Peer 1: 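First the structure, then my questions, so here it is.
Just so we're clear, the structure is a prediction, and the values are computed from it rather than from any experiment.
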Amino acid sequence: MGSYGKLARRALETEMPIMVQIQEVVRGAKNAVSLAQGVVYWQPPKQALNKVKELVWEPSISRYGADEGIPELREALTQKLRKENKLVKSSVMVTAGANQMTGVTNILVGPGNPKTLHPDADWLERTLSETKPVPKVVTVVNPGNPSGTYIPEPLLKIAYPSEVEGFATQLLKIQDNIPICASLISQHLALYSMEMGAEWVTERAKDLVKNREMLREALSPLGEDAVKGGEGAIYLWAKLPEECADDDQVVRWLAKRHGVVLIPGGACGCPGHLRISFGGLPEEECKAAAERLRRGVEELVSHGLVE
């Protein structure tokens with residue numbers, strides 16, 4: 001056993017992150033294109049990048065900042081939530097990505113509606129009123145990942161009754177012991193990018209509609225009701241045929257045989273599904289990826305996992 005037995009059991013029992021696995025798949029596939037990672041293909045606004053260039057000479061940029069984030073960015077985000085999202089009771093902490101924010105234990109994952117992919121509101125209300133000890137926090141991912149759906153406002157109100165007293169203080173303890181603070185240069189870039197307004201993002205997001213429809217068409221051989229999502233976030237959620245429901249195997253097969261990389265649904269708690277991101281490629285590159293995906297899906301449906 002050697003030193004391996006001295007490693008923390010909790011770490012050993014944690015599955016390797018899916019993006020680490022997918023990166024290995026990409027490296028092992030020849031000239032594969034990725035529809036896996038949830039990113040957009042464009043850079044931040046040019047004006048914001050130019051402003052950040054001037055900051056690299058500022059000594060404070062090379063130091064630690066406030067654990068909860070620079071005040072200017074937190075205030076800008078709070079105002080954005082109030083004006084655009086009508087969330088008036090929000091407090092903001094800037095983290096080094098969304099995954100870092102979810103570093104908690106004893107998570108209870110609830111069911112969803114298989115047709116809409118929305119959370120089960122009755123289950124949530126029942127759980128909040130009947131479970132002992134009472135759940136302390138409800139986390140809502142909206143728009144949805146991996147589903148790509150948008151949760152309607154009535155459901156959001158159930159999960160947004162009031163802030164949890166003292167919660168932010170406890171989160172600061174976790175923040176300080178992991179990254180201390182998000183990168184200061186990134187925080188300033190985010191602040192400068194927000195100065196461009198929501199219209200800057202909206203204009204670029206229009207191009208993603210074409211990507212979404214190309215990929216939805218590529219997935220159409222799976223059947224009329226097999227593909228959902230895409231109206232809220234940059235993901236489509238596809239159900240595999242029963243006879244080819246091993247999503248991890250399908251992902252590796254598509255990468256090796258057809259040169260297109262997706263995320264297996266099992267990594268998101270839903271085996272037998274695939275997550276497809278339509279944000280990471282410009283239109284022409286997405287078109288080429290869609291053609292590969294179409295050929296792969298057609299072969300999968302007609303002949304299975306042909307080697």
Peer 1: To the nearest 0.5 Å, tell me how far Asp67 CG sits from Lys173 NZ.
Peer 2: 13.0 Å

Peer 1: Is it true that Ser147 and Arg275 share a donor-acceptor pair across their side chains at a distance under 3.5 Å?
Peer 2: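 No pair is found: no donor N or O on one side chain lies under 3.5 Å from an acceptor on the other.
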
Peer 1: Quick one, Arg257 with Glu307, criterion salt bridge (Lys or Arg N to Asp or Glu O under 4.0 Å). Give me CA distance, side-chain angles, the key distance, then yes/no.
Peer 2: CA-CA 8 Å; Arg257 186 170 174 86; Glu307 292 297 334; over 6 Å; no

Peer 1: Going through the distances and angles, do Ser220 and Arg294 end up as a side-chain hydrogen bond (donor to acceptor under 3.5 Å, both in side chains)?
Peer 2: CA-CA 8 Å; Ser220 61; Arg294 174 84 188 205; 3.0 Å; yes

Peer 1: Can you sort out the partners of Asp248 under salt bridge (Lys or Arg N to Asp or Glu O under 4.0 Å), two or more places apart, ordered by chain and number?
Peer 2: Arg252

Peer 1: Can you measure from CD1 (Ile22) to OG (Ser34) and round to the nearest 0.5 angstrom?
Peer 2: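 If I round to the nearest 0.5 Å, the distance is 7.5 Å.
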
Peer 1: Please indicate whether Tyr150 has more than 12 foreign heavy atoms, meaning atoms of other residues, nucleotides or ligands, lying under 6.0 Å from its OH.
Peer 2: no

Peer 1: With no hydrogens and no angle check, just 3.5 Å: does a side-chain donor-acceptor pair link Glu299 and His258?
Peer 2: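 Present: a donor and an acceptor within the cut-off.
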
Peer 1: Counting only heavy atoms not in Gln43 (residues, nucleotides, ligands), do more than 12 fall under 6.0 Å from its CD?
Peer 2: no

Peer 1: Quick one: CD on Glu284 to CG on Asn211, what's the gap to the nearest 0.5 Å?
Peer 2: 10.0 Å

Peer 1: Out of curiosity, Ile61 CD1 to Gln187 CD, how far, rounded to the nearest 0.5 Å?
Peer 2: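 Output value for this atom pair is 9.0 Å.
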
Peer 1: Would you say that His118 contacts Pro152 through its side chain, given a criterion of any heavy-atom pair below 4.5 Å between the two side chains?
Peer 2: yes

